[in-house]
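Here's the structure we're looking at; comments come further down.
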Amino acid sequence: MSKKDHSSERVLVGVDDSEDAQLAFRYALRYCLKDKSTLIITSILEDEDMNVYQALDKDYVHGERSDLEDHVRKYRQVALDAGVKNVEIYVAEGEAGEAIVKEVIPYVDPDLLIVGSNSKKGIKKYFGSQAAYMAKYAPISVMVVR
């Protein structure tokens with residue numbers, strides 16, 4: 001058996017500010033530290049969180065994406081400070097589950113996806129109800145953290 005059979009070399013974790021996503025991030029962090037894996041942190045800018053005027057305003061969308069990228073960079077710094085040697089980030093736009101399965105996974109080529117089980121309440125629900133979609137359609141193993 002190869003090393004790949006025993007551990008995941010590239011671990012993708014989806015983050016937002018929900019409690020479950022924080023739990024998934026902490027789990028992925030520990031996992032990557034233990035296995036010396038690369039951690040890939042992603043977050044999705046969802047169009048449904050914007051009204052039609054905001055979605056049509058390219059400056060607004062660019063600002064929102066820029067803010068999200070800054071936020072994901074903070075997660076990256078936490079992971080580096082915790083001792084994870086290789087940390088990548090990837091921000092996409094669209095429906096969270098679909099964007100991760102159809103865009104993020106093919107681009108970053110992870111071995112494992114870790115997501116939280118529940119969505120955030122309110123307008124920025126990036127994951128959660130999306131967890132079932134990702135578990136069903138992702139071409140890789142998916143760990144749903146509770």
Side-chain angles (χ1 to χ4, degrees), residues 1-50 54 58-146:
M1 281 193 189
S2 69
K3 179 181 185 298
K4 200 144 179 139
D5 295 327
H6 296 296
S7 67
S8 297
E9 295 172 19
R10 294 177 59 77
V11 176
L12 175 63
V13 64
V15 298
D16 61 22
D17 290 327
S18 71
E19 203 172 305
D20 274 30
Q22 300 295 312
L23 197 62
F25 175 72
R26 288 192 300 272
Y27 186 94
L29 196 64
R30 289 191 304 271
Y31 188 102
C32 289
L33 281 168
K34 182 174 68 69
D35 283 6
K36 296 178 178 52
S37 303
T38 295
L39 178 62
I40 307 151
I41 305 164
T42 190
S43 197
I44 309 301
L45 179 62
E46 288 193 283
D47 295 338
E48 70 184 36
D49 292 339
M50 296 176 236
Q54 292 168 330
K58 295 301 172 202
D59 290 336
Y60 180 85
V61 173
H62 178 76
E64 288 290 294
R65 185 181 176 106
S66 180
D67 289 348
L68 186 58
E69 287 169 351
D70 288 345
H71 194 62
V72 174
R73 275 194 279 278
K74 290 176 185 166
Y75 278 100
R76 180 179 185 272
Q77 193 58 53
V78 168
L80 290 169
D81 291 347
V84 179
K85 298 286 185 239
N86 299 308
V87 185
E88 301 171 15
I89 61 173
Y90 190 90
V91 172
E93 295 178 29
E95 181 82 20
E98 198 171 301
I100 287 173
V101 169
K102 295 180 178 176
E103 179 184 343
V104 180
I105 289 173
Y107 187 82
V108 302
D109 193 29
D111 303 296
L112 174 67
L113 169 62
I114 299 176
V115 293
S117 62
N118 293 322
S119 64
K120 188 175 181 179
K121 304 296 181 237
I123 60 168
K124 287 193 174 180
K125 56 183 194 310
Y126 298 132
F127 297 98
S129 61
Q130 301 297 319
Y133 177 93
M134 291 181 273
K136 183 173 181 178
Y137 295 108
I140 59 173
S141 294
V142 178
M143 180 179 296
V144 180
V145 178
R146 299 184 181 274

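Although no hydrogens or angles enter the test, the distance criterion places no donor-acceptor pair under 3.5 Å between the side chain of Ser117 and the main chain of Val144. Side-chain atoms of Gln130 do not come within 3.5 Å of backbone N or O of Glu95 as any donor-acceptor pair. With hydrogens and angles ignored, the 3.5 Å screen pairs a side-chain donor or acceptor of Arg65 with a backbone N or O of Val91. Judged by distance alone, the side chain of Gln22 and the main-chain N or O of Asp16 form a donor-acceptor pair under 3.5 Å.
Tyr90 and Tyr107 have tilted rings, their planes meeting at an angle from 30° to 60° on a 0 to 90° scale. In this structure, Tyr75 and His71 have perpendicular ring planes: the angle between them is above 60°, well past the 30° mark.
When each of Leu112, Ile40, Leu39 is tested with Cys32 by the rule side-chain contact (heavy atoms from CB on, under 4.5 Å), just one qualifies, namely Leu39. A side-chain contact (heavy atoms from CB on, under 4.5 Å) with Leu12 holds for exactly one of Thr38, Ile100, Ile41; it is Ile100.
In this structure, the separation between CG on Leu45 and CD on Glu93 is 5.0 Å, given to the nearest 0.5 Å. Rounded to the nearest 0.5 Å, atoms CD1 (Ile89) and NZ (Lys74) are 12.0 Å apart. Annotation: the span from Arg73 atom CZ to Leu68 atom CG amounts to 10.0 Å, rounded to 0.5 Å.
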Name every donor-acceptor pair, under 3.5 Å, that has one atom in a side chain of residues 81-88 and the other anywhere in the protein, sequence neighbours excluded.
| residue | atom | partner | partner atom | Å |
| --- | --- | --- | --- | --- |
| Asp81 | OD1 | Gln77 | NE2 | 2.8 |
| Glu88 | OE1 | Arg10 | NH2 | 2.9 |
| Glu88 | OE2 | Arg10 | NH1 | 3.0 |

- Item | Leu113 and Val101: CA distance, side-chain angles, deciding distance, side-chain contact (heavy atoms from CB on, under 4.5 Å) verdict | CA-CA 10 Å; Leu113 169 62; Val101 169; 5.8 Å; no
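Scanning for ring pair (Phe, Tyr, Trp, His ring centres under 6.0 Å) contacts around Tyr27 gives an empty result, with sequence neighbours left out.
Put simply, the side chain of Val13 does not reach to within 4.5 Å of the side chain of Tyr31, judged on heavy atoms. Between Val11 and Pro110, every side-chain heavy-atom pair lies at or beyond the 4.5 Å cut-off.
Nearest approach of Met134 to Gly97, heavy atoms of both residues: CG-CA, 3.7 Å. Nearest heavy atoms, Val115 versus Gly14: CG1-N, 4.5 Å.
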